[in-house]
Amino acid sequence: MTAMETMAWFPACSVDDVPANGGVCVKCGEEQIALYHFTRRNEWYATQNECPHRRQMVLSRGMIGSQNDEPKVACPFHKKTFSLVTGECLNDSECALKTYPVRVEAGRVFIGIGV
Amino acid sequence: MRVVIVGNGMVGYKFCEKMAARNTHGQYELTVFGEEARPAYDRVHLSEFFAGKSANDLLLADAGWYASRGIVLHLGDPVQRIDRGSKTVYSHKGLAVPYDYLVLATGSSAFVPPIPGIEKNGVFIYRTIEDLELIGSWAKRTRKGTVIGGGLLGLEAAKALLDLGIRDTSVVEFAPRLMPRQVDEAGAQLLQLKLEALGLSIHTSKSTSAILGDEAVTGLSFADGTVLDTDMIVVSAGIKPRDELAKACGIATGTRGGIVVNDFLQTSDDAVYAIGECALHREMIYGLVAPGYEMAEVVAAQLGGDEKTFTGFDMSTKLKLIGIDVASFGNPFSCEAGTRTIVLNDGINGFYKRVNITADGKHLLGGVLVGDASQYNMLLQTCKNKLVLPPNPEDIILGARGGESAEAGVASLPDDAYICSCESVSKGAICQAIESGEETTEALKKCTKAGTGCGGCLPMVKDLLNHTLKAQGRYIRNVICEHFQYSRQELYDLVKLHELKSYEAVLDKLGTGDGCELCKPSVASLLASLWNEMILQKGNDTAQDSNDRFLANIQKGGTYSVVPRVPGGEITPDKLIIIGQVAKKYHLYTKITGGQRIDLFGAHLSDLPLIWKELIDAGFESGHAYGKALRTVKSCVGSTWCRFGLHDSVSFAIRIEERYRGLRAPHKIKSAVSGCIRECAEAQSKDFGIIATEKGWNLYVCGNGGSKPQHALLLATDLDEATCIRYIDRFLMFYIKTADPLTRMAVWLNKMEGGIDYLRNVVVSDSLGMAAQLEAEMQLLVDSYRCEWKEAVENPEIRKRFNHFVNAPEEKDPSISFDAMREQKRAKEWK
Ligand code: SRM
Ligand SMILES: Cc1cc2nc3c(=O)[nH]c(=O)nc-3n(C[C@H](O)[C@H](O)[C@H](O)COP(=O)(O)OP(=O)(O)OC[C@H]3O[C@@H](n4cnc5c(N)ncnc54)[C@H](O)[C@@H]3O)c2cc1C
Ligand code: SF4
Ligand code: FES
C-alpha cells in the first residue's frame, strides 16, 4: 500500500448550476453523488445520493440545514437527517452516508473520488 | 479471558453489547457462532417485515459493529459439538475454538405438534426472517389461511396473514379461549369479538387431528369430526427450547426441555452458562425478550467479577396488534385465598379491565386489560414497585374519574422503578438525563436507550419528561426549532412588521444558525401566506418542503405525482380525454382520488415540466396537491340534477375553490359543499363545509377526516353567498395568522381557549375588530393568485431544476423501475 491516498478530482459542474443552500445530483460513472452548496456558510459538501434508509436516490433533493452548528441534510422521504461532515445519521446510529471532498476552482466544482 | 457465545439471536447480541461495554482493557476475547446467515435481528418486531421493513432494518447491529469491537463473528456456522474436557467447541464448518467460559444463547424453535400430515407443503412456522419470506411467497396464491395456536404469537401471525391479503384467515385454539395463559375468560371473550371485527374467524376448543391434502395442504380435520378448508397453515403452538447441544455433551436439561441453570445462570457445568429462551430457571422458560436481556446482564456482570443473580422476572406483556389493546401483568388470575378482584366490563365502549388486589386492599398483584390498555405502564409499575394503592382502589382503572393525570402518576414512582424493561432503564436514569439537559424523547432514547426495544414505554417516558421539565420550572416554549425562539404566530407578526420577503432575510433578522427542515418550510409557508409570491423564486426555492420545491408529491422510488385542479369535481369530457392522452404519452398510472379529481402517478422529475406544459395548454392549472394549501372543494351534484337539491352546490363549490386556490396555510385545507342535508359531499368532515338550507347556506368549520376524524361545528346559519364568503375570508385569515405549523383546523380549534364560541365571536360578531382587515388581507391574496406551474414552465431558470442529473440533464434516474399491475404500472417495492 502507498502511504499517500491518491485522489482523482471529478469535474462535476459549474458553481452556478447548484442552487444556493441546496443540492444537485452528479452522475459520476455509475455512481450518483449529491453535491450541496451551503451558501450561508460558504461551504461545499458531497455525499452519496442514495438514502440508506429505504435506498432512495434522493438526498440531492433534500433540505440542508444545521443542528447545533453541525451541517446536515434531511431526506425528503422520512426526514432522516445526516451530518454533511461525517455522513453519520443524526436520528439513529444504524446507517451512515459516504462523503466526498469538494474543491472549487475558477467557477468549476470538482468532487474527490478515491482511485 | 476467552468467552465463546453459541447463538447470535436477540439475547446473544445483548450479551455481546454488555461485554463490549465492559471490555475496556481488551481483557475479553469474544467469539460468537450464529446458525442463521444474518447477524442478530429484532425478532420481536419480525411482523414488520411484512409491513415493508427490510431484513437490514431489523438488524440489531451490522457485521461492522462486531468487527469494530473486536468480536469475532461466525455466521451461518452452527456449533455442533462441545468438548467439555478440553473446553473446546467444534463448528459445522470445522472450526475448533477453545474457551474459558461458554455462553449458550441458542434460543428456541417453534414447537410443532406431531399431527399426521404436518410435513405437507404449505405448513409454516413463524420464527425467522426466512420463515416469513416463505410465508410471503406462498401467501400470493393463498385464499384461505389458518393459524394453529391462539396465543400471543399466533394472533400476531394471524394478523400478518390478513395484512398479506388473505381475507379468509382463521385461528384454531386448543383451549376454550384465546391467550389462555395471559387473559381470563371474560377478557378473552371481548378479545375474540374484537378480532372477529378485524375479519379473523376464531375456533376455540379445537384439537387438530390431521392435516389434509396430497402434497400441499387443503384443510384440517378436528377431533370433533369437523373440517376446515385452508390453503396454508402457520403453526404457532408454543416454543421448544434448543437444548440439543447441551444435552449431547451431558449438561443437565429439564424433562420438558430447557438447559437447567441456577441463579447465577450457570448450567450443571460451572464454566458453561445458558441465557435467553434456552435456559430453564426454577422450572421456568422465559419466552420474552426482557428477561433474556436481564440474564445477559447477569452473566456479563458475573464474568466481570460483580455479584449479580437472576431470581426470576415478571411475564407481563402487551399484544402488539394495532387497534387491539390487550395486556396482562403480574398475576392476571387471582388464586390465593383472600385476594380481591375488581372488574370493569364496559360493553358499550368495548373494554374489559380486571385488577387483583391484596386482601388488605393495599397492593396490586396483577391484572388484565382488553380494549383499552392505556393504563398498562402505570399499573405494571404500581404492581412491580409495590406502590400503595389509593383508598378507593377502583380509581386506578377508572382513570378519568380518579382525576389524577398520567404525569402525576409517574411522579409517585420510586427512582429505581424500571420504566423500560427491555433495556432496564430506571426512572432515576431518565430523570438524570433530563436534568442534564435532554429535552426531547428522541434525545432521551438516544442517550438512555429507553424505548428503543419494544417501544411500549415511550408514553411513560414522555410523561416523565413533561413532568420533570415542569417541576424544574423549565418552560416548554412553543418555539419552531433551535433556530427561532418564536412561535409561528409571533414569527408571522414579526415578518409582516419588518416586511421580510425571503427565508434568508427572516433568518438573518430573527433567527440564529443555518436553519433546518423544520423552520425552512414553516417560514416559506408563512411568507407565501403573507405575500403570495411565486414560491420557487430564487432564495426561497431551497427553503420549500421537498414536495413544494418540485411542485409535486414525491413517491416511492423517487418519481412524482401530477394532480391538476378540477374545481368542485366538475370536468368536461374533452378535459378527461386530455388527461388520458397525457397519461398515455408519459406512461403514468391514473387513479381517481378521494378528493374528486384525478391523480397521475409515476412521473420522472424531468418529465414534470413537459407534462404540465401540455395540461396548462389544455386549460388545466396546478391542484396544489403537494402544498400546505387549499386542496379540493368537493361538491355533490346539487339542485341542477338532484331531486332533493335546494341550491346549486356545484356552482358554489367551484366559486369557493377558485377563490381560495393556491392559498397557503399552516396545513392543508379541504372543503366541500352539499346541496341539502343528506350531505353527499361530506362537508361536515372538512376544514370548512357548506350545506344548503331552505333559506341559504349553513357554514361548518374545523372538521377533519384522516386519522382522528372529527365533525365540523356549525358556525353560522342561513347565510347568503356573499356573507358566507366574507365569513370564510375572516375565518381562513384568522387561522393562517394564529395556528402552529402543521396544525389542521380541528386541532387548532381544540386548543383554542373558548373554543367555537370564541371563534364565532371573532368571525361573526367581530369581537376583535379585525374583520375588515382580515377580509382585505384575503382579497389581496385572492387578487395576486397565479398558477405556479404555469410560471415554472415558462421560466427557463426554474425549469432547469427539474433534472435528475446536473451534468447529464437528458438522462433519467436509472435506479427508477416499475412493476406491471392491472394493465397499469406501480412503483417497485422498496427495500
Ligand atoms: C391521492 C390521495 C389518495 C387517493 O388516491 O385518493 C391522497 C394521498 C396522500 N395523502 Fe391524503 N390523499 C387523498 C385524500 C385524502 C382524504 C380524503 C379527502 O380529502 O376527502 C383525507 C381525509 C380528509 C382530511 O384530510 O381531513 C386524507 C388525509 C390525509 C392525511 C391525514 C390528515 C389529518 O389531518 O389527519 C395525510 C397526512 C398529512 O397531511 O400529514 C395525508 C397525506 C397524503 C399524502 C400526501 C402522503 C404523502 O405525504 O406522500 C399522499 C400523497 C400521495 C401521492 O404520492 O400523491 N392525507 N387524504 C387523495 C388526494 C385527494 C386530492 O385529490 O387531492
Ligand atoms: C414473531 C415473534 C414475536 C415476538 N414478540 C415478542 C414480544 O412482543 N415481546 C417479547 O418479549 N418477546 C417476543 N418474542 C420472543 C422473543 O423474540 C424471544 O424471546 C427472543 O428472541 C429470545 O432471544 P434468544 O436470543 O434467547 O433466542 P433467539 O432470538 O431465537 O436466538 C437464538 C439463536 O441461536 C441460534 N442457534 C441455535 N442453536 C445454535 C447453534 N448450535 N449454533 C449456533 N447458533 C445456534 C438460532 O439460530 C438463533 O439465531 C417474539 C418472537 C417471535 C418469533
Ligand atoms: S391513506 Fe393516504 S397517506 Fe395513507 S397510503 Fe393511502 S394515500 Fe397514502
Ligand atoms: S428513504 Fe430516506 S429517510 Fe426514508
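- Chain B forms more heavy-atom pairs under 4.5 Å with one residue of A:Val73, A:Ile64, A:Asp69 than with any other, namely A:Ile64.
- Neither the backbone nor the side chain of B:Ala443 has a heavy atom closer than 4.5 Å to any heavy atom of chain A.
- Checked by atom type and distance alone, the side chain of B:His483 never pairs as donor or acceptor with a backbone atom of A:Gln67 at under 3.5 Å.
- Nearest heavy-atom pair, A:Met63 versus B:Gln544, reported as atom, atom and distance to 0.1 Å: CE-O, 2.8 Å.
- Residue contact with chain B, scored on non-hydrogen atoms closer than 4.5 Å, involves the backbone of A:Leu90 exclusively.
- Ranked by heavy-atom pairs under 4.5 Å with chain B, the list A:Gln32, A:Glu50, A:Lys79 is led by A:Gln32.
- Neither the backbone nor the side chain of B:Tyr503 has a heavy atom closer than 4.5 Å to any heavy atom of chain A.
- Of all heavy-atom pairs between B:Asp57 and A:His53, the closest is OD1-O, 3.9 Å.
- Residues A:Thr81 and B:Glu517 come closest through the heavy atom pair CG2-OE2, 3.4 Å.
- The candidate from B:Glu811, B:Lys445, B:Arg801 with the greatest count of non-hydrogen atom pairs under 4.5 Å with chain A is B:Arg801.
- A salt bridge links B:Asp508 and A:Arg40; the closest N-O separation between the charged side-chain nitrogens and carboxylate oxygens is under 4.0 Å.
- A:Arg61 contributes no side-chain N or O that, together with a main-chain N or O of B:Phe550, makes up a donor-acceptor pair within less than 3.5 Å.
- Of the two parts of A:Val58, only the side chain, counted from C-beta on, holds a non-hydrogen atom closer than 4.5 Å to a non-hydrogen atom of chain B.
- Residue A:His78 touches chain B through its side chain alone, counting heavy-atom pairs closer than 4.5 Å.
- The distance from atom CZ of B:Phe805 to atom CG of A:Asn49, rounded to the nearest 0.5 Å, is 7.5 Å.
- Between B:Asp514 and A:Lys72 there is no salt bridge, since no side-chain nitrogen of the basic residue lies less than 4.0 Å from a carboxylate oxygen of the acidic one.
- For A:Ser66 against B:Cys516, the heavy-atom pair with the smallest separation is O-CB, 3.9 Å.
- Interface check for chain A: of the options B:Leu507, B:Thr512, B:Leu518, B:Leu605, the most heavy-atom pairs under 4.5 Å are formed by B:Leu507.
- The two residues B:Glu504 and A:Asn21 make their nearest non-hydrogen contact at OE2-ND2, 3.3 Å.
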Q | Step-by-step side chain to side chain contact (heavy atoms under 4.5 Å, CB included) determination, B:Lys53 to A:Arg54 | A | CA-CA 9 Å; B:Lys53 281 221 171 165; A:Arg54 281 279 187 249; 4.3 Å; yes

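- When all heavy atoms are compared, the tightest approach of B:Ser815 to A:Met57 is OG-CG, 3.2 Å.
- A:Cys25 contributes atom SG, which lies 11.0 Å from atom CG of B:Asn803 (distance to the nearest 0.5 angstrom).
- For the pair A:Gln56 (side chain) and B:Lys556 (backbone), a donor-acceptor distance under 3.5 Å is absent.
- Neither the backbone nor the side chain of B:Ile816 has a heavy atom closer than 4.5 Å to any heavy atom of chain A.
- Proximity to chain B involves both the backbone and the side chain of A:Asn68, based on heavy atoms less than 4.5 angstrom apart.
- Proximity to chain A is absent for every atom of B:Asn56, based on heavy atoms less than 4.5 angstrom apart.
- Each of B:Ser546, B:Cys519, B:Pro814 has some count of heavy-atom pairs under 4.5 Å with chain A, and the biggest count is that of B:Ser546.
- A distance-only check finds no donor-acceptor pair linking the side chain of B:Lys520 to the backbone of A:Gly65 [under 3.5 Å].
- With a 4.5 angstrom heavy-atom cutoff, B:Lys800 touches chain A only via side-chain atoms.
- With chain A as the partner, the residue from B:Asp541, B:Asp813, B:Asn807, B:Asp545 showing the most heavy-atom pairs under 4.5 Å is B:Asn807.
- Contact annotation for A:Phe10: only side-chain heavy atoms (C-beta onward) come within less than 4.5 Å of a heavy atom of chain B.
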